[in-house]
Novice: 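Below is a structure I'd like to ask you about.
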Amino acid sequence: MHMRKHLKYSGLVGMALLIAVVAISCSSDDDVADSGGDVAATTAPTAIPPTSTTIPTSVPAATAAPAATATQRPVSPSGPTGKVTVALSGVGPDNYELYQLAWPWNDRNQFIGIYDTLFYDDRSPSATALLQPSVASDWQFTNDALIITIRDDVAWHDSQYGMLTVEDVLWSLERGSAEGTLWTRAEALTTNYKVPEISQTGPNEITMPWNQRDLRWRTVPRDMTLQSKKMFDDIGAERMNLEPMGSGPYRVTSHQSDDHINLEAVNNHWRETPYVQFMDILDVPEETVRVAMLGSGQADIIQMGLPSVDAVKAVDGAELFVGPATGLQGAQIVPTGQYYQTEDKDGNPTDRTPLIELPWVGDNQADGLKVRRAMAMAIDREGIAATVLGGLGVPHYLWNLGPTHPRWTDQMQEDWGIDYDPEAAKALLAEAGYADGFEFNYLIPSGLSSTLEQVCQSMIPMFQAIGLEPKVDTSAYGSVRPKMLARTMDMVWCWLESGWNVDPDPLYRFSTNAVWNPGIEYSEPMGYESRILGAPTSDDAWEIIIGEWLPWFNENLPTFQTVGYTSPVGVGPSVERWDMRVHNDRWPRDPWLIQLKK
């Protein structure tokens, strides 16, 4: 399949190279505005785009007033028209049924508008609240439960299944939390809510009793793609996973795995009718080809990395778009196999065994730490930011907090900054018994982000300079997921994570609690995570993060960050406006808000 695609676009490769050459002399140094608004007014960034410094309170008080009732927002009063073509590094497989839904396809199904959720995130400057009502028209908190009201005018794409009902929502909650589910938010669902007790308590009302409410309570209604129970009963799980059918602003007309997804707008959609009638999303693995397609007009929007900034700026009429966000992306190094947690959250013994044959784990934890710290000191963060990222990145060190974060201080830099010091790194390796270095498997997942891939590749000679020899594996993320779930990760992998984020809820990765786990489990983080996520406000959570979590993290260094950055989206001259509500460079998020020039 990829051979056919390469042949289809091969004539553009020469153009891509020409664009890259021309960009050297034609690029400008204009700043990009951090706006979900007018794309035409947005120009190329010369620094990390400014990010909101408003720290949201993620868990409202128990007496919070109900949210305002959602009303129809007819985005396109005259009806959808035109077509937009989007070129991505990969469109992914047919993977739609909630129980079988693996990351990142859960994001895809929601972000491109196939499925609806109960709430949606809105970080745009005009937003009145972080969470906005969607299929849940309003909600309220009590000390005992989250109570939501379900709209009765939400139609499924296939009319034979009628309207979305309370039964469909209950079914989705049950299916997403069932034993063995792959859905990433399942643990947040079962932690925050007593799933067996969730029930219909009124004509359109569902009561979700609290279990142990934490900062992730909102991720469940925000991210659960609602599905039709009647369709499941009619065709079964296997077909439902292959046949997308939701209630979002776009319906799927064709999906060929790892080739294309074709979408058509739902006219008079209950919530937001798209401006653009058709959207073709193409699987184009080579970034140079995607840039060439933007230049030739074969693509209107492309996924891109920072290394392509100059090439996109050289395309006549093209813009770099960055929507509203609350943080940076980043590249972190994850030395896996640190399975140290001996008891789960209920005090039951685990079957975890640290992989002591790995040098960064070792049969002596102190020596394993020396190896990890040596690897962290081998990274020239300033050099990567200046060369690979073209000055559009910043050094970063520890999980979720770093330079340019609104809470970062000079004292934190002094205490937690990691110096680039290859000689000191060699000395630490020698102390740990590895004076001659060692080989290690180095995973750089392909197809997620060209920026990530180039940052990860740039670290290879840095590791080699201290005597380490990475054996590079560029398999797709999905290939390692079985080892992740089995807790048998045995490599160093370079992973895309938050360079920093003003939301504290991404901090639940390093214990047995999470379904998704990078290959690291310690007992101490489980306690910190529980208190951080259970804090009544973000301010309370950050007090624990800064006072306890990060000092532990710095002392033990289970992983380390390298650089933080924001990758823009390449937008061609045909696009007039795109009021994206939350920035995403992997998927064309909120595509129903795209407006084409007349």
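Excluded from the calculations below are hydrogen atoms, water molecules and symmetry mates; all remaining heavy atoms, backbone and side chain alike, are included. Quick caveat, the model's predicted, so the values are computed rather than measured.
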Novice: Does a salt bridge link D590 with R581, judged by any charged N lying under 4.0 Å from a carboxylate O?
Specialist: no

Novice: Answer yes or no: is there an ion pair linking K471 with D473, defined by an N-O contact shorter than 4.0 Å?
Specialist: no

Novice: Taking side chain as C-beta onward, heavy atoms only, is V563 less than 4.5 Å from V394?
Specialist: no

Novice: Is it true that S257 and D94 share a donor-acceptor pair across their side chains at a distance under 3.5 Å?
Specialist: yes

Novice: When you measure from the centre of the six-membered ring of W587, is the NZ or CZ of R589 under 6.0 Å away and within 45° of the axis?
Specialist: no

Novice: Is the NZ or CZ atom of R373 both under 6.0 Å from the centre of the six-membered ring of F560 and within 45° of that ring's axis?
Specialist: no

Novice: Could you check D214, T219, N211 and say which one makes a side chain to side chain donor-acceptor pair (under 3.5 Å) with N192?
Specialist: D214

Novice: Do Q341 and S523 meet the criterion of a side-chain donor-acceptor pair at a distance under 3.5 Å?
Specialist: no

Novice: Examine H405 together with W542 and report whether their ring centres are nearer than 6.0 Å.
Specialist: yes

Novice: Looking at side-chain heavy atoms only, is the closest gap between Q227 and R175 below 4.5 Å?
Specialist: no

Novice: Verify the neighbour count for atom CD of Q413: are there more than 12 heavy atoms of other residues, nucleotides or ligands below 6.0 Å?
Specialist: yes

Novice: CG of N556 to CD of Q365: how many Å apart, nearest 0.5 Å?
Specialist: 8.0 Å

Novice: What orientation do Y340 and Y522 show, parallel under 30°, tilted 30 to 60°, or perpendicular over 60°?
Specialist: tilted

Novice: Side chains of E521 and Q338 only: does a donor on one sit below 3.5 Å from an acceptor on the other?
Specialist: no

Novice: Measuring from Y434:OH to L429:CG, what's the distance to the nearest 0.5 Å?
Specialist: 9.5 Å

Novice: Nearest 0.5 angstrom please: T387 OG1 to L389 CG, how far?
Specialist: 7.5 Å

Novice: Taking the six-membered ring where the residue is Trp, are the ring centres of F440 and F463 under 6.0 Å apart?
Specialist: yes

Novice: Is the backbone of V492 close enough, under 3.5 Å, to the side chain of T336 for a donor and an acceptor to pair up by distance?
Specialist: no

Novice: Less than 4.5 Å apart, any side-chain heavy atom of N95 and any of R108?
Specialist: yes

Novice: In terms of side-chain heavy atoms, does Q454 have a donor or acceptor partner in Q457 at a distance below 3.5 Å?
Specialist: no

Novice: Is a side-chain donor or acceptor of R290 paired with a backbone partner of P285 at a separation under 3.5 angstrom?
Specialist: yes

Novice: Could you check whether any side-chain heavy atom of T117 comes within less than 4.5 Å of a side-chain heavy atom of M224, counting everything from C-beta outward?
Specialist: no

Novice: Just checking D436: does its CG atom have more than 12 heavy atoms from other residues, nucleotides or ligands closer to it than 6.0 angstrom?
Specialist: no

Novice: Between F141 and W217, what is the ring plane arrangement, given parallel below 30°, perpendicular above 60°, and tilted in between?
Specialist: perpendicular

Novice: Any side-chain to backbone donor/acceptor pair from D540 onto A535? Under 3.5 Å, distance only.
Specialist: no

Novice: T181 side chain to A178 main-chain N or O, any donor-acceptor pair under 3.5 Å?
Specialist: no

Novice: Do S177 and T190 have side-chain N/O donor and acceptor atoms under 3.5 Å apart?
Specialist: no

Novice: Can you measure from CG (D223) to CH2 (W183) and round to the nearest 0.5 angstrom?
Specialist: 7.0 Å

Novice: Report the relative orientation of the aromatic rings in F438 and W360; use parallel for angles under 30°, tilted for 30 to 60°, perpendicular for over 60°.
Specialist: tilted

Novice: Could you please spell out the steps behind the side-chain hydrogen bond (donor to acceptor under 3.5 Å, both in side chains) verdict for W105 and N109?
Specialist: CA-CA 6 Å; W105 319 124; N109 301 347; over 6 Å; no

Novice: Rounded to the nearest 0.5 Å, how far apart are CG of D585 and CD of Q329?
Specialist: 4.0 Å

Novice: After noting the C-alpha distance and the side-chain angles of S567 and T451, does the key distance pass the side-chain hydrogen bond (donor to acceptor under 3.5 Å, both in side chains) rule?
Specialist: CA-CA 7 Å; S567 292; T451 304; 3.1 Å; yes

Novice: For the residue pair W416 and F553, is the inter-centroid distance of their aromatic rings smaller than 6.0 Å?
Specialist: no

Novice: Less than 3.5 Å apart, any donor N or O on the side chain of Y120 or Q110 sitting next to an acceptor on the other?
Specialist: no

Novice: Walk me through whether S89 and Q303 qualify under side-chain hydrogen bond (donor to acceptor under 3.5 Å, both in side chains).
Specialist: CA-CA 7 Å; S89 61; Q303 178 189 359; 2.9 Å; yes

Novice: Let me confirm one number: the OG-CD1 distance from S308 to I302, rounded to the nearest 0.5 Å.
Specialist: 6.5 Å

Novice: If you count the non-hydrogen atoms of other residues, nucleotides and ligands that lie under 6.0 Å from CD in E543, is the total more than 12?
Specialist: no

Novice: Within the supplied structure, the quantity of interest is the number of heavy atoms (other residues, nucleotides, ligands) at a distance under 6.0 Å from E238 CD; does it exceed 12?
Specialist: no

Novice: Is any NZ, NE, NH1 or NH2 atom of the basic residue among R487 and D351 found under 4.0 Å from an Asp or Glu carboxylate oxygen of the other?
Specialist: no

Novice: Can you confirm whether more than 12 heavy atoms, excluding those of Q464, are under 6.0 Å from its CD atom?
Specialist: yes

